[in-house]
Amino acid sequence: TRKAAVPQLPKLPAESLEQPAENGTQQSTLTAAQAQAILDDPRMILVSRTHPITEDYPVETKECGSATAINKTLQTEAADAFLSMQAAAAKDGVDVRMQSGYRSVSYQKKLYDNKTQYYRNKGLSEAAAREKAAAIVNPPGCSEHNTLDTGFADTAAFRWLCENAEQYGFILRYPKEAESVTGITYEPWHWRYVGPENAALLNRSGLCLEDAIAVLQRIAAGETVTG
């Protein structure tokens, strides 16, 4: 497998994606070059139904899943970060485990097809079954697993992650308030590795990954972004 190179990003304050302007609105302090550097970082790749990846997308993986994990590997840098985070959580008496990691496009296709068939069997039309399935399992090539349930939000592990995951480079990928943007139902168990500096930037902005990418693209194009 091939490993994508990670560019050297400029040192940025975590608040630089959006900051208060004099009139109380938020204004970015990023330059176009800084925004483009973040967009070029492979750790910030957007994978979704509208941004699928190819089956030959280069991924170097490392095992870090628990004994009961379905998919035991993550991209190597993410795996190393996860293992460090897991050790830190353990010191705090919190059990954090990786249960579902990297999935090939073919494996994702199998999951999506199975879920679609489930809804067909429920009497839904082909189009309705696919739409319903896509809200739970992304179509092949459109899932970050190519890179549980909501009860996880009530666990000590979730609370620990909310407080500490950022410093290890992880963000909550599908937050509850962003469902209309991400197209995916709330997944408190789904944490995405973007690197510590990017995680801080996104968390301070309050934006989900889709919205952050859109803002960064506007800044990179030379727009002045306020909000």
Side-chain angles (χ1 to χ4, degrees), residues 1 43-75 78-79 82 86 95-159 161-162 165 170-194 202 207-214:
T1 56
R43 298 172 300 180
M44 285 286 285
I45 184 173
L46 178 59
V47 183
S48 66
R49 273 171 272 173
T50 55
H51 296 82
I53 59 172
T54 60
E55 191 160 3
D56 62 350
Y57 183 81
V59 178
E60 182 181 88
T61 61
K62 177 177 179 178
E63 189 169 311
C64 63
S66 68
T68 58
I70 300 172
N71 312 100
K72 298 181 184 294
T73 65
L74 291 176
Q75 184 271 340
F82 171 77
Q86 185 182 50
D95 185 14
V96 174
R97 302 183 187 185
M98 200 284 283
Q99 290 296 101
S100 183
Y102 172 75
R103 298 173 184 168
S104 66
V105 173
S106 59
Y107 183 85
Q108 188 70 21
K109 181 178 186 302
K110 179 181 177 181
L111 292 179
Y112 177 69
D113 289 346
N114 288 346
K115 185 60 71 173
T116 301
Q117 186 60 52
Y118 170 81
Y119 286 116
R120 287 195 199 101
N121 295 341
K122 290 282 188 179
L124 274 67
S125 68
E126 180 67 20
R130 289 187 175 278
E131 181 178 359
K132 190 81 171 177
I136 301 171
V137 179
N138 265 320
C142 305
S143 170
E144 289 197 339
H145 287 278
N146 298 137
T147 54
L148 302 163
D149 62 34
T150 56
F152 181 70
D154 298 323
T155 66
F158 178 74
R159 292 189 291 273
L161 288 169
C162 288
F170 291 87
I171 59 168
L172 180 62
R173 180 62 181 91
Y174 298 118
K176 186 181 296 183
E177 65 274 12
E179 292 177 345
S180 63
V181 179
T182 64
I184 298 295
T185 54
Y186 176 45
E187 293 186 351
W189 50 268
H190 190 136
W191 293 77
R192 157 74 186 265
Y193 181 75
V194 294
L202 266 64
L207 301 174
C208 66
L209 184 60
E210 281 82 356
D211 282 342
I213 292 294

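Scope of the values below: all heavy atoms of this structure, side chains included, with no hydrogens, waters or symmetry mates. Along the sequence shown, residues are numbered consecutively beginning with 1.
Separating the CD atom in Q75 from the CD1 atom in I45 is a distance of 11.0 Å, to the nearest 0.5 Å. Atoms CG and CD, from L74 and E63 in turn, are 10.5 Å apart once rounded to the nearest 0.5 Å. Atom CG of L46 is separated from atom CZ of R192 by 7.5 Å, given to the nearest 0.5 angstrom. Rounding to the nearest 0.5 Å places CG of L161 at 5.0 Å from CH2 of W191. Interatomic distance, E126 CD to R120 CZ, rounded to the nearest 0.5 Å: 4.0 Å. Atom OG1 in T73 sits 12.0 Å away from atom NZ in K62 (nearest 0.5 Å).
At least one donor-acceptor pair under 3.5 Å links the side chain of Q86 to the backbone N or O of V96.
Contact of the V194 side chain with the R173 side chain is not registered, since no non-hydrogen atoms from C-beta on lie closer than 4.5 Å. Within the 4.5 Å cutoff, no side-chain heavy atoms of R130 are placed close to those of L124. The shortest distance between side-chain heavy atoms of L202 and M44 falls below 4.5 Å. With a 4.5 Å cut-off on side-chain heavy atoms, D113 and Q117 do not count as touching.
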Kindly determine whether T61 and K72 satisfy side-chain contact (heavy atoms from CB on, under 4.5 Å), including the steps that lead there.
CA-CA 10 Å; T61 61; K72 298 181 184 294; over 6 Å; no

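Summarising the geometry of C64 relative to F82, their closest heavy-atom pair is O-CE2, 3.7 Å, with the distance given to 0.1 Å. Shortest non-hydrogen contact noted between E210 and T182 is OE1-CG2, 3.4 Å. Shown here for A157 and D95, the closest heavy-atom pair between the two residues is CB-O, 3.7 Å. Closest of all the heavy-atom pairs between Y186 and P175 is CD1-C, 3.8 Å. The two atoms that bring L172 and P188 nearest to each other are CD1-O, 3.7 Å, heavy atoms only. Shown here for A78 and F170, the closest heavy-atom pair between the two residues is O-CZ, 3.6 Å.
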